[in-house]
Amino acid sequence: MTRPHIEPFCERVEEYRAFTLPGFPKGSHYKILSLDRDTGACSLKMRFDAGYARAPGMSYSDMEFFILQGQLKVGDKVYGPGHYVFLPAGVALGALTSEQGCEALMFYNEGEPTFVESDSNHRLAIQQATVDLNAYDDMPWIGTARKSPGVATGCLVKLLRFDPFTKATTFLYSMTAEFSQDNISYHDCAEESFHIWGTSWMLQFGDLPTGGYFWRPPYINHGAFASRLGCIALGRTDAELFNYFHFNPWTTPEENHARAAAKIYRERPDLWKWVVSEGHNHPHGPEDFEHGDYHDQVKHLHRDHDHDH
Amino acid sequence: MSKVHDQAPSRDPLTQEWIDAHLPEQERRQVKIIKDMDALGAERDQWIEAFLERIQKRGFNVDGDMKRRVGPDEVPEKPDRPFKVVF
């Protein structure tokens with residue numbers, strides 16, 4: 001993904017604009033949180049006017065939405081605050097209506113926002129990957145770290161979506177009042193967050209208030225962490241979130257990247273040797289017997305260039 | 001990329017215009033953030049100093065609530081290069 005490092009940003013300083021992209025009906029408004037310069041993938045905060053209506057339809061991009069306030073009716077179901085949907089590309093969503101209006105976060109993961117009227121799924125849509133739940137009502141907070149090394153007590157998580165292929169996740173997290181965690185962290189993945197309510201603090205960026213947002217590319221230091229009065233936020237990653245903790249505030253992304261690579265070198269020497277052997281990851285495998293289709297999407301490396309085949 | 005996304009028709013010119021209009025705005029947003037973060041430099045130096053004191057006194061979080069005290073000889077020194085937090 002090619003989005004710049006946007007951190008910190010507070011969307012409350014921005015005005016809504018009319019959302020008039022081809023295929024979408026009138027009556028919705030948007031603020032751009034971040035935008036991928038190559039693919040058009042984007043994260044938006046959207047407002048739907050009272051009386052908004054959209055026919056059933058699908059997008060050519062995987063998309064996610066999270067209701068912040070108000071109500072949105074999808075088919076005959078009414079979604080209120082905290083409702084989260086992951087809609088795989090090509091899966092048709094029922095007719096949308098909003099009697100009183102609502103605000104939501106919307107994420108188009110693979111490409112620009114697209115909408116095609118349809119009451120049936122695209123023939124290649126992976127409908128079983130759909131997630132549809134209320135994050136506030138339908139699941140408990142996880143109060144302890146799910147994996148090691150993990151966050152300190154007081155950072156609670158609800159895992160809303162997990163991609164079994166890429167390990168990308170979408171999650172709700174909350175820091176309790178007086179939360180603190182004294183380390184510097186970075187990850188192999190891009191990380192994104194929108195503060196639904198409350199303020200958190202990081203050593204590099206200071207306070208992130210309600211409406212605060214970041215899109216942070218991989219290997220960028222963040223933390224130590226604190227929250228005086230607590231906060232609740234929606235987070236996303238585009239791959240597995242592994243916590244590389246340390247205590248040097250001044251390392252660069254390049255140094256962090258090298259440290260992460262050294263970890264693989266130490267822990268998986270044979271895999272490392274295979275991946276980097278003369279910059280050439282042939283033979284063209286290994287075939288994944290369980291996920292044959294996914295193999296088509298693996299990029300093959302050829303010393304000074306790479307390509308799909 | 002999903003198989004469905006591979007089937008998407010070419011991008012509508014109006015959508016391309018929309019993207020082209022927003023990219024410079026996003027660049028300007030990042031420039032402003034960098035400026036704001038640079039302006040926070042002196043305050044951030046104090047935060048870092050307090051952090052380095054805390055990890056010697058109470059420890060840094062190695063994993064969850066497990067902490068390890070950092071010895072005086074382990075405390076990192078600020079390198080002689082420009083310090084950035086936004087990349």
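Atoms considered below: every heavy atom in the structure, side chains included; atoms not considered: hydrogens, waters and symmetry mates. Naming convention: chains lettered A, B, ... in sequence-line order (proteins, then strands); numbering from 1 in each chain.
The minimum heavy-atom distance between Ile19(B) and Gly40(A), with the atom names listed, is CD1-CA, 3.8 Å. For Ser120(A) against Ser118(A), the heavy-atom pair with the smallest separation is O-OG, 2.7 Å. Shown here for Ala92(A) and Asn121(A), the closest heavy-atom pair between the two residues is N-OD1, 2.8 Å. Across all non-hydrogen atoms, the minimal contact from Leu241(A) to Glu191(A) is CD1-OE2, 3.7 Å. The shortest heavy-atom contact between Phe9(A) and Leu33(A) is CE2-CD2, 4.3 Å. Closest approach of Ser34(A) and Tyr213(A) over heavy atoms only: OG-OH, 2.6 Å.
Using a 4.5 Å cut-off between heavy atoms, His246(A) contacts chain B through its backbone alone, with no side-chain atom that close. For Gln16(B), no part sits under 4.5 Å from any heavy atom of chain A, backbone or side chain. For Gln181(A), the parts sitting under 4.5 Å from any heavy atom of chain B are the backbone and the side chain alike. Contact annotation for Thr252(A): both backbone and side-chain heavy atoms come within less than 4.5 Å of a heavy atom of chain B. With a threshold of 4.5 angstrom between heavy atoms, Pro8(A) approaches chain B through its backbone and through its side chain. Looking at Ile6(A), both its backbone and its side chain come within 4.5 Å of chain B, counting heavy atoms on both sides. Heavy atoms of Val86(B) lying under 4.5 Å from chain A belong to its backbone as well as its side chain. For a residue to count as touching a neighbouring chain, one of its non-hydrogen atoms must lie under 4.5 Å from one of that chain's; by this rule Asn248(A) touches chain B with backbone and side chain alike. In this structure, chain A has heavy atoms under 4.5 Å from both the backbone and the side chain of Trp47(B). For Gln7(B), the parts sitting under 4.5 Å from any heavy atom of chain A are the backbone and the side chain alike. Ile220(A) touches chain B through its side chain: at least one heavy atom from C-beta onward sits under 4.5 Å away, while N, CA, C and O do not. Interface remark: Pro4(A) contributes backbone and side-chain atoms alike to the contact with chain B (heavy atom separation under 4.5 Å). Contacts between Leu40(B) and chain A at a heavy-atom distance below 4.5 Å involve the side chain alone, from C-beta outward. Contact of Cys42(A) with chain B is made through the side chain alone, with heavy-atom distances under 4.5 Å.
Contacts from residues 12-20 of chain A to chain B, taken as heavy-atom pairs separated by less than 4.5 Å, involve Glu14(A), Arg17(A), Phe19(A) in sequence order. Interface residues of residues 50-57 of chain B toward chain A, defined by a heavy-atom distance below 4.5 Å and sorted by number: Phe51(B), Leu52(B), Arg54(B), Ile55(B).
Side-chain contact between Ser59(A) and Tyr108(A) is present, with heavy atoms from C-beta onward closer than 4.5 Å. For the pair Arg228(A) and Thr199(A), the minimum side-chain heavy-atom distance is 4.5 Å or more. Side-chain atoms of Phe242(A) and Lys263(A), non-hydrogen and from C-beta on, do get closer than 4.5 Å to each other. Looking at heavy atoms from C-beta onward, Arg3(A) lies in side-chain contact with Ser43(A) at the 4.5 angstrom threshold. Residues Tyr244(A) and Ser185(A) form no side-chain contact, since every pair of their non-hydrogen atoms from C-beta on lies 4.5 Å or further apart.
Atom CD in Glu255(A) sits 9.0 Å away from atom CG in Asn221(A) (nearest 0.5 Å). Expressed to the nearest 0.5 Å, how far CG of Asn61(B) lies from CG of Asp182(A) amounts to 6.0 Å.
Between chain B and the options Gly23(A), Pro88(A), Ala89(A), heavy-atom pairs under 4.5 Å are most frequent for Ala89(A). Contact count versus chain B (heavy atoms, under 4.5 Å) is highest, among Leu124(A), Leu203(A), Asp62(A), Asn243(A), for Leu203(A). Contact tally against chain A (heavy-atom pairs below 4.5 Å) for Leu23(B), Val75(B), Asp20(B), Ile34(B): the top residue is Leu23(B). Counting heavy-atom pairs closer than 4.5 Å to chain A, the top residue among Gln30(B), Arg29(B), Met66(B), Arg11(B) is Arg29(B). With respect to chain A, the highest number of heavy-atom pairs below 4.5 Å among Glu17(B), Met37(B), Lys84(B), Lys78(B) belongs to Lys78(B). Among the candidates Glu27(B), Lys67(B), Glu25(B), the residue making the largest number of heavy-atom pairs closer than 4.5 Å to chain A is Glu25(B). Ranked by heavy-atom pairs under 4.5 Å with chain B, the first of Pro253(A), Pro217(A), Gly90(A), Ala224(A) is Pro253(A).
In this structure, Glu192(A) does not pair ionically with Arg216(A), as no charged nitrogen and carboxylate oxygen lie closer than 4.0 Å.
Within the 6.0 Å centre-distance limit, the rings of His22(B) and Tyr30(A) are counted as a close aromatic pair. Checked against the 6.0 Å centroid threshold, Tyr219(A) and His257(A) count as a close aromatic pair.
Ring geometry, Trp250(A) versus Phe83(B): the interplanar angle exceeds 60°, so the pair is classed perpendicular (tilted spans 30 to 60°).
Around CZ of Arg259(A), the count of heavy atoms belonging to other residues, nucleotides or ligands within 6.0 Å exceeds 12.
Asp238(A) places no side-chain N or O within 3.5 Å of a backbone atom of Cys189(A) that could act as its donor or acceptor partner. Remark: the backbone N or O of Gln204(A) is paired with a side-chain donor or acceptor of Arg44(B) at under 3.5 angstrom.
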